Structures are given as structure tokens and as C-alpha cells.
Chemist: 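One structure coming up, written as C-alpha cells, with questions to follow.
Note that the structure is predicted; figures quoted are calculated from it, not measured.
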Amino acid sequence: MIGIHDMGGMHGFGKIDTVDNEVFHEPWEGLTFALEKLCAHYGVWLTADEVRHAIEKIGHGTYLTASYYEHWLHAWEPLLIEKGFLTEEELRSRQQAVRDGVDVSVQGPPTTQAEIDELSKALAKTIWEGVPADRKIDARPAFSVGDRVVAVPRPVPTHTRSPRYIWGHTGTVVISHSGYILPDAVSQHLGENPEYLYSVKFEGNDLWDDQAEPGTHFIVDLWESYLAPAGTTN
């Protein structure tokens, strides 16, 4: 979808600060990271695209002023309500209790070594291996390494992993992956609908002319329906 999250190449936001060696700036960020991995491990959401789409629907003002992990928390509230893990009333009641300074109870940590081991194993497995999203497809892939392809404009009102700054531009397939769950479908609970995935290289000066940093190129992972053979679209 076209939203404030799709900021690649936008003007007016200044230089990106890439000097930040802190993994977590506050203790709650580490807890948020762990909870996200455990939710993924236990199937609360099938892929990160459900969370990504929920983040895309955050109000523009909140999106621009909230931190990275605050985006996650803003996304989880509607997702967990939608999936039936809590109700709107329970959430608002707890928030009000915190504002009122009430000592709200929380579920305690695991009390047995077996429980600790299970959680630790689940967390480590999800961090190191992720949740597999590759799927077998019987049909042959439409593109091969070296093919020139164009990114089809995709102004869908929902989720897509095709960023706006590449729409209509031509690139080269540099890696041909196997089939992967289509983010556009799974984020809308429309099934997995796997498609072949490709890593496509775009030259910076093709995207942004002489405003691009010299020698810059971008490699973007794109699903098959995002692409067409070069020269077949306007």
C-alpha cells in the first residue's frame, strides 16, 4: 500500500543516521523483541507480513514520532484483538490501571527448569532459523538469473513488499530463489499463495538520476507477480 512507511527516496527527511551500535535502547525493547519471536514460533501470526501490514496502518503522526519497537507494540494491539487473544475492554482496562498507578499483576516467569528450557529453545530457534516461509512450487519460474525485468506499479490498498521507488524501473535478476509465501495474500488472511522470489538489482542512478550516490545499487527481493519482462510495460 502507499503509506508513510514507504519512504524510500522521499525528500525532506535529511541524512539517515547509520551510526547506532545499540541493539536495544531500553530494557522493554528486548522484551518486545523476545515476545515477537515467541509469537512467531507459536503461530500467533504466520509471517511477519501480518505485523508489517498492521504497522502500515498506524496513523502518520504516530508512525513518524514513534520508535522502531513502539511500531511493533502499536501493531500488536489490533492484531491480538482480531485474533481473539484479548479483548478491547481488557486492553483498555489494563492501560487505565497502569495510568492510575495500580499495581497490575503480570504472569510470572517460568518456575521450572523444563519451562525455562522450552522457552529458551523456542526463542533461540526462531532467532536463528526464523519461521520457514519457503514452499515448493510445481510450475517453472518465469525468470532466470541475468534476465532484465521491470517492477510493475503496485498501488494496492493493502500490503505489498514492492516499494514505490522501484515501480516502473528496470533491473536485473541476480538470484532466483525457491517459492515463498506471498506477503500480499497472507497479510490479508487469504492463504499462502506461494510464488517464486527473485533478488533484483537496480542501479541508483536509474532510480534517482544524478541525485543518487555514485556507484550505488540496490538489491530488492521481489515476488514473481511484482515483475514483468523488461520492455513490456510503460
Side-chain angles (χ1 to χ4, degrees), residues 5 19-59 62-63 65-137 158-159 161 177-194 197 221:
H5 66 284
V19 181
D20 185 348
N21 296 321
E22 295 292 330
V23 177
F24 304 117
H25 295 84
E26 299 288 345
W28 66 266
E29 294 183 340
L31 176 61
T32 302
F33 177 82
L35 286 173
E36 197 281 334
K37 297 305 172 191
L38 291 173
C39 284
H41 178 82
Y42 290 109
V44 175
W45 31 78
L46 183 56
T47 73
D49 295 292
E50 288 182 83
V51 180
R52 288 178 178 133
H53 186 46
I55 292 174
E56 292 166 0
K57 292 186 286 187
I58 296 173
T62 302
Y63 186 93
T65 55
S67 68
Y68 180 78
Y69 286 107
E70 286 174 330
H71 287 173
W72 287 21
L73 294 177
H74 281 293
W76 288 359
E77 290 182 4
L79 268 180
L80 293 176
I81 292 172
E82 177 184 335
K83 290 174 175 287
F85 289 95
L86 74 165
T87 67
E88 179 84 22
E89 292 73 22
E90 290 172 334
L91 177 64
R92 301 309 168 205
S93 175
R94 194 175 188 84
Q95 289 175 331
Q96 188 59 51
V98 172
R99 293 190 190 97
D100 294 340
V102 176
D103 184 17
V104 295
S105 61
V106 297
Q107 182 176 343
T111 56
T112 68
Q113 189 59 48
E115 291 174 331
I116 294 172
D117 290 345
E118 180 182 352
L119 277 179
S120 298
K121 184 178 179 181
L123 187 58
K125 179 179 176 59
T126 310
I127 290 173
W128 289 108
E129 300 178 11
V131 177
D134 55 321
R135 299 290 186 270
K136 185 177 184 304
I137 298 177
T158 53
H159 179 66
R161 294 293 289 164
H177 302 278
S178 61
Y180 276 80
I181 294 173
L182 182 65
D184 309 46
V186 74
S187 65
Q188 305 305 305
H189 316 300
L190 298 176
E192 296 187 351
N193 297 313
L197 180 66
D221 287 339

Chemist: In Å and rounded to the nearest 0.5 Å, what is the OH to CG distance from Tyr69 to Leu31?
Modeler: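 The distance works out to 11.5 Å.
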Chemist: Show your working on side-chain contact (heavy atoms from CB on, under 4.5 Å) between Ile127 and Leu123 and close with a plain yes or no.
Modeler: CA-CA 6 Å; Ile127 290 173; Leu123 187 58; 4.0 Å; yes
Chemist: Excluding sequence neighbours, so at least two apart, what forms side chain to side chain donor-acceptor pair (under 3.5 Å) with Arg135?
Modeler: Glu192
Chemist: Do Asp134 and His177 meet the criterion of a side-chain donor-acceptor pair at a distance under 3.5 Å?
Modeler: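 No, because no side-chain N or O of Asp134 sits under 3.5 Å from a partner of the opposite role on His177.
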Chemist: List for me each residue that meets side-chain contact (heavy atoms from CB on, under 4.5 Å) alongside Leu86, sequence neighbours excluded, and say none if there are none.
Modeler: Leu80, Ile81, Glu90, Leu91
Chemist: Could you tell me which non-hydrogen atom of His53 sits nearest to which non-hydrogen atom of His159, and how far apart they are?
Modeler: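 Between these two residues, the closest heavy atoms are ND1-CB, 3.5 Å.
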Chemist: For Thr65, which residues count as a side chain to side chain donor-acceptor pair (under 3.5 Å) partner, sequence neighbours excluded?
Modeler: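 With sequence neighbours excluded, Thr65 shows a side chain to side chain donor-acceptor pair (under 3.5 Å) to no residue whatsoever.
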Chemist: Could I get the full list of ring pair (Phe, Tyr, Trp, His ring centres under 6.0 Å) partners for Phe33, not counting sequence neighbours?
Modeler: Phe24
Chemist: Rounded to the nearest 0.5 Å, how far does NE2 of His74 lie from CD1 of Ile58?
Modeler: 6.0 Å
Chemist: Listed by chain and number, what are the ring pair (Phe, Tyr, Trp, His ring centres under 6.0 Å) partners of His71, not counting sequence neighbours?
Modeler: Tyr63
Chemist: Mind checking what makes side chain to side chain donor-acceptor pair (under 3.5 Å) contact with Asp221, not counting sequence neighbours?
Modeler: Ser199
Chemist: Taking distance alone, no hydrogens or angles, what donor-acceptor pairs closer than 3.5 Å link side-chain atoms of residues 34-44 to residues at least two apart or in another chain?
Modeler:
residue : atom : partner : partner atom : Å
Glu36   : OE2  : Trp45   : NE1          : 3.4
His41   : ND1  : Thr126  : OG1          : 3.3

Chemist: Can you sort out the partners of Glu89 under side-chain contact (heavy atoms from CB on, under 4.5 Å), two or more places apart, ordered by chain and number?
Modeler: Thr87
Chemist: NZ of Lys125 to NZ of Lys121: how many Å apart, nearest 0.5 Å?
Modeler: 8.0 Å
Chemist: According to side-chain contact (heavy atoms from CB on, under 4.5 Å), who are the partners of Gln113, at least two apart in sequence or on a separate chain?
Modeler: Ile116, Asp117
Chemist: If you look only at pairs with a residue in residues 75-85, which of them pass as a side-chain hydrogen bond (donor to acceptor under 3.5 Å, both in side chains), with sequence neighbours excluded?
Modeler: Glu50-Lys83, Glu77-Gln95, Glu82-His189
Chemist: Could you tell me the separation between the CZ atom of Arg161 and the CG atom of Leu182, rounded to the nearest 0.5 Å?
Modeler: 11.5 Å
Chemist: Taking side-chain contact (heavy atoms from CB on, under 4.5 Å) as the test, write out the residues that go with Ala124, two or more places apart.
Modeler: Trp128
Chemist: Begin from the C-alpha positions of His25 and Asp20 and carry the test side-chain contact (heavy atoms from CB on, under 4.5 Å) through to its verdict.
Modeler: CA-CA 10 Å; His25 295 84; Asp20 185 348; 3.1 Å; yes
Chemist: Is any side-chain heavy atom of Trp72 less than 4.5 Å from a side-chain heavy atom of Glu29?
Modeler: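 Counting from C-beta outward, Trp72 and Glu29 never come under 4.5 Å.
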Chemist: Between Ala185 and Asn193, which heavy-atom pair has the shortest distance, and what is it?
Modeler: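 Taking every non-hydrogen atom into account, CB-ND2, 3.2 Å.
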Chemist: Who are the salt bridge (charged side-chain N to carboxylate O under 4.0 Å, His left out) partners of Arg52, not counting sequence neighbours?
Modeler: Asp49
